[in-house]
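Here the structure is laid out as structure tokens; the discussion comes afterwards.
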Amino acid sequence: MPINHTLFVPIFLFAILFFCYSCYRRLQLVALGQPEDRFDRPGERLAAMFTYAFGQKRVLARPFGVNHFVLFWAFLFLLGANGEFLLEGLHPALTLAQLPTPLHHGLGFIFDAVSLLALVCVGVALARRLFFPPDYLGTDYTSPRSGEGLLILGMIAVLMIAFFVLHGALIALHGPEPWRPLSALTGNSLAGLSAASLEGVAVAAWWVHAIVLLVFMNLLPRSKHMHILTAIPNTYLTTLGKPNTQPRETFEKGERFGAGEVERLSWKDLLDSLTCTECGRCQDLCPAHNTGKALNPRRIVHNIKVNLMDNGAALKVPGAPRKPLIVEGEVEGAASEEAIWDCTTCGACLEACPVLIEQMPKIVKMRRYLVQEQARFPEELLNLFENTEQRSNPWGIAPGERAKWCDPFGERPFESGQTEYLFFVGCAGAFDNRSKHVTAAVAMILDAAGISWGILGKDELCCGDSLRRLGNEYVFDRLAEQNVTLFQKRGVKKIITQCPHCFSTLKNDYRQYGLEVEVVHHSELIQSLLADGRLRLEGTAPQGKLLFHDSCYLGRHNDTYAAPREALTAATGKEPGEFVRNSEKGFCCGAGGGRMWMEELTGTRINLERVKEALQEQPDTVCVACPYCMTMLEDGLKDEGAENVRVKDVAEVVAEALE
């Protein structure tokens, strides 16, 4: 087949150079972000890459993901076919025909079959976008029928069709190629054409394929489809393990705090923004977005990318004017303050993203900037910040009141070298009247199992969870250092918590302060004691129809799902019922991320949304493992006039079975 190589070579070279230039321009901007180490533990990173990029684990979590999985692998296989195609355009001898015949024919069959699979998948994707798109594919700034998405799918379809027409014409012209059965079908339909016409069809198909392929390649780094280039490395560079813990800040003269400008985000944050394909899965699961709030995690990442692109040149010139990253209203290329404060840090967005983009940590960095550099935060947080700083608890209650719940159990001071477990009661467990019942139930269970435990009493300080999620890193830092110093001084080796927020903070965040101790949530310890026979129940404590609600900080952030369910099964004699949205896809109560201390002024209250979901199952009891969830669900049930539905903690149900 006569190809004008003299014409193709300069076109190819220009396209390759322009592609490299486009990639360089974007990745050069990524390099302007703050330093961050994402190259440790290469073995674990490779495992994450193969699981989420090549294995498409989260893509396959939804039924339509199979279509993307097939298209992804078809794309990888066809890299070989397209590589051969481009090399042949440079020189006619550079083809796979130089390989041993069995290998050449085998690859030809694979490329033929995979091209058909890709074409079918593109057709299915086009039909989905055009005729039955899911709600989360669109937002207020983009449509599921966006021109870019349809153009990319259309170009892939043209490439596949040109492939079959090209090889079909060659088969009709030069004779059968049994190893290309699908192309042979196209060849049969062209068999009536003259040799000159077949040659013209083949040449035309070759040039259509060449031009579309080169244009497609150059569209990638200039569109949201750059994820085709960056998704695989992005999964390698993910935060390893759970939860996604924000880095410490240093408090020295001249330091900047948080991210008020786009370059104050880390380079990985900026790479995330280029990797996002705006599939909408984070938006679909976000409790704030689902209840009519301003927050859309997809839009947060999108606006970071737009801000980075718009400020590209100015970022390289110190003092040059630039577009702000955070504004009061809704502006393209900036995050709104309202959206930033809507986040419950539930982690649903982190759990949903197929390419492991980290939306929530970016929001916390912006909160740090607003709180620590601008002193701009919702007014109701002022009492929280002052009370926690001055009296080390959100309510501002005198520290001497912390141990009053323990009066029925006698004095239980933690004694170094003698007491096995420190029971870190937490602020809610010590001061909230409803949560004190849970604290007592935990203590009763520990005594029944013969566990040696003690408390710090008035010396216990708030763990600082709400402060850190709200961006008040300075006060959190002081509390964490004081707590760690106290734990080390007292010789604490094991800690029990009843609050998942205390649990996650002590177990994970405090490692940044040198604390290396065993931290267990009470539901984990109860389940372990029951399984080992150290805790024996007198019978069962039927609760009627019982539903279990997952705490975000116990479940999604720390992968603890089985323990509370197994403890409830042992205590009630049957497995607990489930919400429609449960476990990894559970729906937040609305109190995380410091939202416990804030009002919801827009949309539907998140706790009401969760309560309505519960009432659809007509439960007698809703069981929780978190004091925040307890408060939010009880308030929601009262608002819905469903006070007859009880809300109990796992410890309370198990304690009833003890009696």
Side-chain angles (χ1 to χ4, degrees), residues 25-36 139-142 224 226 246-247 249 254-276 278 282-283 286 288-289 293-343 345 349 357-379 381-382 385 469-474 593-594 598 601-602:
R25 286 290 301 272
R26 293 223 165 178
L27 295 177
Q28 184 186 41
L29 294 176
V30 169
L32 297 175
Q34 299 301 302
E36 186 175 9
T139 66
D140 51 354
Y141 66 90
T142 187
K224 68 180 183 181
M226 190 173 182
Q246 287 74 50
E249 287 184 332
E255 286 287 345
R256 299 290 309 278
F257 306 117
E261 298 86 28
V262 72
E263 72 271 23
R264 292 295 304 166
L265 292 165
S266 75
W267 64 264
K268 175 56 168 61
D269 291 325
L270 302 184
L271 181 63
D272 275 353
S273 74
L274 299 184
T275 303
C276 180
E278 304 187 24
C282 58
Q283 164 191 318
C286 175
H289 179 79
K293 312 292 190 296
L295 175 61
N296 182 338
R298 169 163 71 168
R299 184 159 192 172
I300 292 286
V301 177
H302 168 80
N303 281 331
I304 290 172
K305 177 178 71 174
V306 172
N307 190 280
L308 182 64
M309 297 296 105
D310 289 349
N311 286 323
L315 292 175
K316 302 169 189 175
V317 182
R322 61 190 65 173
K323 293 176 67 172
L325 180 62
I326 305 171
V327 296
E328 289 190 11
E330 289 287 347
V331 177
E332 177 77 357
S336 78
E337 289 190 29
E338 182 182 357
I340 290 170
W341 293 114
D342 281 339
C343 180
T345 67
C349 52
I357 287 167
E358 298 164 13
Q359 302 89 343
M360 181 263 287
K362 298 169 180 47
I363 293 173
V364 173
K365 290 176 184 178
M366 294 183 204
R367 286 180 171 183
R368 286 182 177 183
Y369 166 77
L370 291 172
V371 171
Q372 297 178 137
E373 284 205 10
Q374 300 295 309
R376 293 207 315 262
F377 47 83
E379 188 175 348
L381 293 180
L382 185 60
F385 291 161
R469 314 310 161 203
L470 287 167
N472 196 336
E473 183 74 2
Y474 176 73
M598 301 165 67
L601 303 176
T602 58

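Just the heavy atoms: all of them, side chains too, but no hydrogens, waters or symmetry mates, feed the values below.
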Check: Leu470 and Val371 side chains under 4.5 Å, non-hydrogen atoms: no
Residues forming a salt bridge (charged side-chain N to carboxylate O under 4.0 Å, His left out) with Lys362, sequence neighbours excluded: Asp269, Asp272
Note, Thr345 side chain near Arg367 side chain (heavy atom, < 4.5 Å): yes
Inter-residue atom distance Leu29.CG - Leu308.CG, 0.5 Å rounding: 4.5 Å
Contacts of Tyr369 that satisfy ring pair (Phe, Tyr, Trp, His ring centres under 6.0 Å) - sequence neighbours left out: none
Heavy-atom check, side chain of His289 versus side chain of Cys282, under 4.5 Å: no
Set of side-chain hydrogen bond (donor to acceptor under 3.5 Å, both in side chains) partners for Arg368, sequence neighbours left out: Glu473
By side chain to side chain contact (heavy atoms under 4.5 Å, CB included) - contacts of Ala335 (at least two apart): Ile300, Ile340, Met366
Contact summary for Ala259 and Leu325, nearest pair of heavy atoms: O-CD2, 4.0 Å
Residues in side chain to side chain contact (heavy atoms under 4.5 Å, CB included) contact with Cys276, at least two apart in sequence or another chain: Glu278, Val301, Ile357
Side chain to side chain, Arg26 and Met226, heavy atoms closer than 4.5 Å: yes
Donor-acceptor pair, side chain of Glu249 and main chain of Tyr474, under 3.5 angstrom: no
Residues that Glu328 engages under salt bridge (charged side-chain N to carboxylate O under 4.0 Å, His left out), provided they are two or more places apart: none
Pairing residues for Ala320 by the side chain to side chain contact (heavy atoms under 4.5 Å, CB included) criterion, not counting sequence neighbours: Ala314, Val317
Polar side-chain atom of Trp341 near backbone of Phe377 as donor-acceptor pair, under 3.5 Å: no
Distance in Å, Leu27 CG paired with Leu32 CG, rounded so as to fall on 0.5 Å steps: 11.5 Å
Closest non-hydrogen atom pair, Ile326 against Gly260: CD1-CA, 4.3 Å
Listed once per pair and sorted, the salt bridge (charged side-chain N to carboxylate O under 4.0 Å, His left out) pairs that draw on residues 316-325, sequence neighbours left out: Glu263-Arg322, Asp310-Lys323
Sequence-distant partners of Glu373, salt bridge (charged side-chain N to carboxylate O under 4.0 Å, His left out), two or more places apart: Arg256
Interatomic spacing from CG in Asn472 to CG in Leu381 - rounded to 0.5 Å: 9.5 Å
Shortest non-hydrogen contact from Val327 toward Gly329: CG2-O, 3.3 Å
By side-chain hydrogen bond (donor to acceptor under 3.5 Å, both in side chains) - contacts of Asn307 (at least two apart): Asn311
Contact summary for Leu295 and Asp342, nearest pair of heavy atoms: N-OD2, 3.3 Å
Test item: His302 and Lys224 side chains (from C-beta on) under 4.5 Å apart, heavy atoms: no
Pairing residues for Glu379 by the side-chain hydrogen bond (donor to acceptor under 3.5 Å, both in side chains) criterion, not counting sequence neighbours: none
Pairing residues for Arg376 by the side-chain hydrogen bond (donor to acceptor under 3.5 Å, both in side chains) criterion, not counting sequence neighbours: Glu337, Gln374
Worked verdict on Cys343 versus Gln359 for side chain to side chain contact (heavy atoms under 4.5 Å, CB included): CA-CA 10 Å; Cys343 180; Gln359 302 89 343; over 6 Å; no
